Amino acid sequence: MTARTIHFTLNGAPVTADIKPHHNLVELLQTHFGLTGARESCGQGLCGCCTVLVDGRAVSGCLFLAVRIDGTEVVTIEGLDAGGKLNPMQEAFVETGAFQCGYCTPGFILMANQLLDAHPDPDDDQIRHYLSGNLCRCAAYPQIIDAVKLAAKKRKTIAA
Amino acid sequence: MATITDQGTAKVGAQVGRSVPRLEGRDKVTGRAEYTHTMRLSGMLHVKLFRSTVAHGRIKSVDTSAAKKLPGVAHVVTIEDVRKVIPDPYYGPAFHDQPILADGKVRFVGEPVAAVLAADPHVAEQAAQLIVAEYEELPAVYDEVEALTSKVHVHDVLKPAGTFADLKHLKDAKGTNLALDYRLRRGDVDKAFASAAHVFEHEFRTQKVLHLSFEPHATIADYKDSGVTLHTASQGPSFVRTEIARLLGWPENKVRIKVPYLGSGYGSKLYIKLEALALALSMIARLPVKVALTMEEMFYQITKHPSTFRIKSGVDKDGKIIARKCEVYWNGGAYADIGPRVTQKSGLTASGPYDIDNVWIDSYALYTNMTPAGALRGFGVPQLVWAYESHTDMIARALKIDAVEFRRKNLLREGRPHPTGTVLKDAAIEKVLDRLVERINWKQPMDRGTGVVRRGRGLGIAIKAVISPTTSVAIVNVSADGSVALYCGTIDMGQGSDTAMAQMVGEVLNMPAESVRVVQRDTDVTPYDMGTLGSRSLFHMGHAVRRAAEDAQEKLKALACEVGEPEGSNIPIPALFVKKYGMQAGNVIGTGIYKPDYVPPAPGTGLSSNVTPFWMISGAGAEVEVDTETGHIKIAKLISVLDIGKSINPKIVETQISGAALMQLGFTMFEKMHLDGGQVTNASLADYKIPGFHDVPTAMENLTVDVTQSNGPFGAKGVGEVSTFCVSPAIANAIDDAVGVRLMELPLNPESVLRALRVKAGKPLGDE
Ligand code: FES
Ligand code: FES
């Protein structure tokens, strides 16, 4: 299978990579850029461990072919703490203890940020509904709800 | 006394009991925490396994020629190749029964038969599909009860590992599937049954479920003739080292096991899993080799034990249980893994948290032709509690005694002997029950509803003995600048052990837990630990860590004395080192070892005067709403109450309680591996449902009772699995309370409820 070169923006920096047509986005990030925050678990688009933002939209990296990344803007969990400062959602996850093993955490944080972009002040049901495509085998769900609410408050304080 | 004054303003007594955010939190929320499954070494080869499609068969041939020819394939390996590098390629913790690759026979669908190695994992995968095997199919046995008497034998000869005294008598046993028979005999059950006013006998079953940790199993082996390094997602690096050294015939100091964070384990990554295979493949390739499973492949690695529990109780006219007979069959699958330990260690508490004079327990570990079974968050205890707490409710109901009242009449109380003979100490069974009764408003009448939706509530209580006797060793290293590192082998797989251990060090050395560095697990530097399992670490490793910190403290004191500081001096640690060495140099090393006292159960009777250093006690209460037209069950409230001694970190304790309870909720309500002729038909997250956001009960309470474990480190004991124990019977009891049907088998899904309701109404449903 022939390799091809793609160009895209990764966490704000322009990059290129030589990929094979069957490679997915998780492989691309892990093998070419050493970024392991998006990680494969179910491999079927069902758990959210591999979540990546492509042109501002959350996608399952395990199902997203790397060739489609050409020309896009990609943001991964590693892009959230620019300059060593945690994003409010990351802070909130730490403060509320919203994870155990942490394998699912990057995916939840990226999705939860999207949730707050759409609904800055979500109630429990909105949080559950919006995040229902992400699974956590350690079942940190109650704490994740707390984290999202705390992050909503943090964001408001920053905006004010 | 020397104190560490350059580490902030922490006071002694300020670290333990504080909700310190997890030390590794930042790495986890930034996606930078390292896991084996995403690790790479340069030059590394990837592996894809070719697996058996039959449950039991003799291998006639394995044709690897086409796979070998595929461009990019480095090696295709079968057991013959393995034998050239490891002449006796069998491993396992209790039995050396598992071959690195299938050897002459396959014993379950999914057993690895051949391995393809390639630099490109896609090439390896493609090549694996070109392998063709022929089998002579043999009759298979799947059911644990049948396995006891079946003519089908999974293994021709049993090969106990020799590490456990109670397995020695099984050496070279032939014509059996029994990998352990634990028995307990107390009093005379037959006589007591004969004199009982009422006798109740029930049979309960549990299904095959699995851990499904989101980081699938992964190991990278890097073999060199001078030594081997394994990076592995393991809950027990010390055991892996011992077993790898044994396979190689090497001293342990040539084997190095490194474990980064685990994308959890829940018992699935205990003892030895992919490590032996990765070792063999790296020896053959003479390159680093990574074996990493997909989620689908985890269904063929390790599962929980399905079980059948026949329980019989004799009750006198006053509602006192006078005799209990327990027969437990554990479906261990094709290889013993740690099943025999599950059988024994949980078997001894099979009669529950009750004071019963006559107890008879038989607990059987059985081989069958299915994926091997091991420990899953509770070491067998959730299966037992499911049965004995359902049974207890059924008796109370039949005798028309309030379910709480009936339990109170029979509770095992402090100072009374447990059926093993070990006197109960620091086991707050009654307090747990009291708190549960209060939180679930047991004394208030409940509106059970009159329409289609009916409401009910139920509860359960449980006891567990910790796996014993086990050893932990820890090292505390104080550097010349006063900073402190802790070396301990406990694996932080999400339970927050690094943080809790750092809190204990900080407590002793009077410094903030956040400033203590917990060194990543690496058997070249971290000392021995038996394993991160069975909620043992906080107690055993906690003691070792406390002792190591105390030892360091003593040595600092001695150093102060040596350099001429007056008694009670407050000299900062860095100044102390400068005074001794003339510059910032040197270390103070404290060590701590812990192994509790223990008396092994007597052969034949299972009795012991000291069977466990501590008891785990838990209770759960559930409120449910049952739709009588669809069988749909809604969990309105789930309450967990635990005796965990003192909390080292209350916030982490709370997440452990809710996380374990929710995991058990999945095993209770819907999780099930469907098997057809030994073939798993739902081996994916699409077909095997696990709890998601919408399965969380409307209200959850995660509580502990205010007690101290008198022999625990800082009054504490373990918590990781304790809230799993009672969830299943609490819900089944609540369903019975709501709609008057009794389910005897997990999961408690809408179909089973509906079927039971229709049977009760005299209009049974057909078989689809
Ligand atoms: S790994 Fe992509 S959604 Fe599960
Ligand atoms: S924290 Fe372990 S899977 Fe979510």
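Predicted, not measured: the structure shown is a model, and the values here were computed from it. So you know, we letter chains A, B, ... as the sequences are listed, proteins then strands, and number each from 1.
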Is it the side chain or the backbone of [X] that comes within 4.5 Å of chain B heavy atoms, both, or neither?
X	value
A/Thr96	backbone
A/Ile144	side chain
A/Thr105	side chain
A/Cys42	both
A/Glu27	side chain
A/Gln44	side chain
A/Gln90	both

(message) With side chain to side chain contact (heavy atoms under 4.5 Å, CB included) as the criterion, how do B/Tyr266 and A/Cys138 come out once you've worked through the C-alpha distance, each side chain's angles and the decisive distance to 0.1 Å?
(response) CA-CA 9 Å; B/Tyr266 321 109; A/Cys138 300; 3.0 Å; yes

Pick one of side chain, backbone, both or neither for [X], based on which atoms fall under 4.5 Å of a heavy atom in chain A.
X	answer
B/Asp120	side chain
B/Ala33	backbone
B/Leu685	both

I need the minimum non-hydrogen distance between [X] and [Y], along with the two atoms involved.
X	Y	result
B/Arg32	A/Asp81	NH1-OD2, 2.9 Å
A/Cys104	B/Phe214	CB-CD2, 4.4 Å
B/Thr38	A/Gln30	CG2-NE2, 3.4 Å

For each of [options], tally heavy-atom pairs with chain A at distances under 4.5 Å, and name the one with the top tally.
options	result
B/Ile652, B/Leu662, B/Asp492	B/Leu662
B/Met700, B/Met663, B/Glu654	B/Met663
B/Asn702, B/Asp27, B/Ile690	B/Ile690
B/Ser19, B/Gly25, B/Gly496	B/Gly25

Drop me the distance from [X]'s [atom1] to [Y]'s [atom2], to the nearest 0.5 angstrom.
X	Y	atom1	atom2	answer
B/His694	A/Ser132	NE2	OG	4.0 Å
B/Arg22	A/Phe99	CZ	CZ	6.0 Å
A/Cys101	B/Glu24	SG	CD	10.0 Å
A/Glu95	B/Lys651	CD	NZ	11.0 Å
A/Glu91	B/Arg26	CD	CZ	8.5 Å
A/Ile127	B/Phe693	CD1	CZ	7.5 Å

(request) For A/His23, enumerate each residue passing the ring pair (Phe, Tyr, Trp, His ring centres under 6.0 Å) test, keeping only those at least two apart in sequence or located in another chain. (result) B/His122

(message) I'd like to know if the side chain of B/Lys28 reaches the main chain of A/Gln100, judged simply by a donor and an acceptor atom lying under 3.5 Å from each other, with no hydrogens or angles considered.
(response) yes

(message) Under a 3.5 Å distance rule, please check whether B/Tyr261 uses its side chain to pair with a backbone N or O of A/Gly102 as donor and acceptor.
(response) no

(request) Run the numbers on A/Arg128 and B/Asp695 for salt bridge (charged side-chain N to carboxylate O under 4.0 Å, His left out), then give the verdict. (result) CA-CA 10 Å; A/Arg128 274 191 205 140; B/Asp695 302 301; over 6 Å; no

(request) Report the C-alpha distance between A/Glu40 and B/Thr294 in whole Å, list the side-chain angles of each, state the deciding distance to 0.1 Å, and finish with yes or no for side-chain hydrogen bond (donor to acceptor under 3.5 Å, both in side chains). (result) CA-CA 9 Å; A/Glu40 192 159 316; B/Thr294 61; over 6 Å; no

(message) The criterion is side-chain hydrogen bond (donor to acceptor under 3.5 Å, both in side chains); which residues satisfy it with B/Gln235, sequence neighbours excluded?
(response) none

(request) With side chain to side chain contact (heavy atoms under 4.5 Å, CB included) as the test, would you mind laying out the steps for A/Thr31 and B/Arg40 before giving the verdict? (result) CA-CA 9 Å; A/Thr31 55; B/Arg40 262 153 232 277; 2.9 Å; yes

(request) Report the relative orientation of the aromatic rings in A/Tyr103 and B/Tyr35; use parallel for angles under 30°, tilted for 30 to 60°, perpendicular for over 60°. (result) perpendicular

(request) Identify which one of A/Ile109, A/Leu86, A/Asn87, A/Ile77 satisfies the side chain to side chain contact (heavy atoms under 4.5 Å, CB included) criterion when paired with B/Thr30. (result) A/Leu86

(message) Does this structure show an ion pair linking A/Arg39 with B/Glu34, if we count only N-O contacts that are shorter than 4.0 Å?
(response) no

